[in-house]
Amino acid sequence: MLDLKFIREFPDKVKTGLANKNDDPTKVDKVLELDLKRRDIITQVEELKAKRNQASQQIGMMKKSGEDATSMIAEMKRVSDMITDYDGKLSEIENDLDGILSWLPNLPHESVPVGKSSEENVEDRKWTPDGFSFENDFKVKDHVELGKSLKILDFERGAKVSGSGFPVYINKGATLERALINFMLDYHLQHHGYAEVFPPFLVNAESMRGTGQLPKMAEDMYTCEKDGLYPIPTAEVPITNLHRNEILSEEELPIKYVGYSACFRREAGAYGKDSKGFLRVHQFNKVEMVKFVKPETSYDELEKLVVDAEDILQALKIPYRILKLCSGDLSFSAAKCYDIETWSPAENKWLEASSCSNFEDFQARRASIRYRKLSDKKPEFLHTLNGSGLATSRLMVSILENYQTPEGKIIVPEVLQKYTGFKVIE
RNA sequence: GGAGAGGUGGGUGAGUGGCUGAAACCAACGGUUUGCUAAACCGUCGUAGUGGGAAACUGCUACCGAGGGUUCGAAUCCCUCCCUCUCCGCCA
């Protein structure tokens, strides 16, 4: 949620930001118009309420002293009816206003390159392990072939059990997946100072609104209508909402959580493109990092967040590159975002395996997550960030394909071997 | 799923229609006292919206789990929902 006062004060900045995010800047004018109406009604209705409160007190005293208050009560009844009337109008306006505000995306940070689409994202840096080459001296198999020939992935049976996009890991594939998750969690706990969270996988609508999935992404989410719950598209949702409607103290910041969850996405309308194997699935596993920080530190924390994710890839010796997303490619809630993409030799391209974002106070305002400064007793919205550390599906593509041998075996990355208990999949 | 009890400020906890935005205590913060610490004493001590003010500050309004209703007036009465606890049933 954007700050209404900020919109009031700097409408042009908001308009520019919206335009850069491919949104409609004229929404700002509607907001300002409704805000004006709203404040006008508030002044009137509050004046009436003050009058009523005063009179009610007087009526109480008159009754106590045995005086007749009939005419005053009759008059106040009229005033009360007027109040009901104004309150109705007010809530109508506030609904309309909220209807627009909850659909307004966060504004891009000034350091974000302006651009329309993913084509204008900017490569920030690239890393490859020692001895790595983009050229292969044998014909590489893709992850689907490898999964099939080694009997470690079963997309067909997943489709039978659930539908397409629900991959099954089996045999050493299942163990490798579990090893990868455990390795990533342990790494963040031991080297990066995160606290571990194992969150719920279903959340309520209020949580979805808090992090910004609702209302805009409703079509991309699964629903459990009977219970008003949603399977989470990312652990960001339950973990960020852990502190919804809370006021934290300055001393406890930054709070850094890491948690595993399965992630569920409908991917409505995404069929046909990049849908092979793991490239686009409805359920995948992800280790997610979430930070709650003081506003003045959030951009430093964003850089550190990216490095935390990179450390995992360097330990796994997987080639990756980092993109700075342009304004038009930023997600709804993000002010700035880096994507980390890992290399797929079979696809001969980079695959998005992580997204690290600073939401500034956008989610904090929606979810009302504040902190109290030591110097100033007034609570303030904090900043939230999150980053995948990382998603296993795309990462698994890169691991299988980069670690394959000419004979079609997979060497287990060294750091995972103690987790898997085996060194080769053949 | 059935029966019962309950949800009040950072915490404990009073409050069953009118001067209660809310007693008291604890915690916290500021101060006095003190060689230091402790104790004692005094004071401050919720959030949001809206208006006034350059600001410090201040007026008003709202908020006692959430949303409705009754009433001139609701923490207090009524309805719906949510949550917590206890017991029973079911169950990984």
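Numbered from 1 within each chain, the chains take letters A, B, ... in sequence-line order.
- As rounded to the nearest Å, C82(B) and U20(B) have C1' atoms that lie 27 Å from one another.
- Pairing partner, C64(B): none, since no Watson-Crick or wobble contact has both distances short of 3.5 Å.
- Residues Ile59(A) and Ala69(A) share a closest heavy-atom pair of CG2-CB, 4.1 Å.
- If you check every strand for non-hydrogen atoms under 4.0 Å, Ala55(A) touches nothing.
- The pair Lys49(A)-Asp87(A) counts as a salt bridge, with a side-chain nitrogen and a carboxylate oxygen less than 4.0 angstrom apart.
- Figure legend. A75(B) is base-paired to no nucleotide; pairs are counted as Watson-Crick or G-U wobble with both atom distances under 3.5 Å.
- Aromatic pair His109(A)/Tyr299(A): ring centres closer than 6.0 Å.
- A22(B) is unpaired under the criterion used here, namely a Watson-Crick or G-U wobble arrangement in which both key atom distances are under 3.5 Å.
- Taking a pair to require two hydrogen-bonding distances under 3.5 Å in either a Watson-Crick or a G-U wobble arrangement, G1(B) pairs with C88(B).
- Residues His188(A) and Ile312(A) are in side-chain contact: their nearest non-hydrogen atoms beyond the backbone lie under 4.5 Å apart.
- The main-chain N or O of Glu347(A) is found under 3.5 Å from a side-chain atom of Ser344(A) such that the two form a donor-acceptor pair.
- Between U8(B) and G2(B), the two C1' atoms lie 30 Å apart (nearest whole Å).
- The residue among Gly60(A) and Lys49(A) whose nearest nucleotide of RNA chain B is located toward the 5' end is Gly60(A).
- Residue contacts shown for Ser80(A) are limited to sugar-phosphate atoms, with no base heavy atom under 4.0 Å away.
- Among the atoms of the strands shown, only primed sugar atoms or phosphate atoms (P, OP1, OP2) are found under 4.0 Å from some heavy atom of Lys378(A).
- In this structure, C36(B) makes no Watson-Crick or G-U wobble pair, since no nucleotide meets both defining distances under 3.5 angstrom.
- Arg365(A) comes within 4.0 angstrom of no nucleic acid atom, judged by non-hydrogen atoms across all strands.
- In this structure G9(B) sits in no base pair that meets the Watson-Crick or G-U test at under 3.5 Å.
- If you check residues 206-214 of chain A against RNA chain B, you find no residue with a heavy atom closer than 4.0 Å.
- Of all nucleotides present, none satisfies the Watson-Crick or G-U wobble test against G53(B) with each distance under 3.5 Å.
- By the side chain to side chain contact (heavy atoms under 4.5 Å, CB included) test, Pro379(A) is found to be paired with Ile247(A), Arg370(A), Arg372(A), residues two or more places apart in sequence or in another chain being considered.
- The span of RNA chain B lying next to chain A, judged by atoms under 4.0 Å from heavy atoms, is bounded 5' to 3' by G18(B) to G73(B).
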* To do: Evaluate side-chain contact (heavy atoms from CB on, under 4.5 Å) for Asp339(A) paired with Ile322(A), printing each intermediate quantity in order.
  => CA-CA 6 Å; Asp339(A) 272 2; Ile322(A) 297 190; over 6 Å; no
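- Nucleotides G73(B) and G18(B) have their P atoms positioned 14 Å apart, rounded to a whole Å.
- Checked against the 6.0 Å centroid threshold, Phe278(A) and His143(A) count as a close aromatic pair.
- Remark: U70(B) base-pairs with no nucleotide; criterion is Watson-Crick or G-U wobble with both hydrogen-bond distances under 3.5 Å.
- For A22(B) and C60(B), the P atoms lie 12 Å apart once the distance is rounded to whole Å.
- At the heavy-atom level, Arg78(A) lies nowhere under 4.0 Å from the strands shown.
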* Given side-chain contact (heavy atoms from CB on, under 4.5 Å), test Lys409(A) with Ile425(A) step by step and report yes or no. => CA-CA 6 Å; Lys409(A) 302 176 187 177; Ile425(A) 301 175; over 6 Å; no
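- In this structure, the ring of Phe362(A) has its center less than 6.0 angstrom from the ring center of Phe332(A).
- Each of Met72(A) and Gln54(A) lies near RNA chain B, and the nucleotide nearest Gln54(A) is the one positioned closer to the 5' end.
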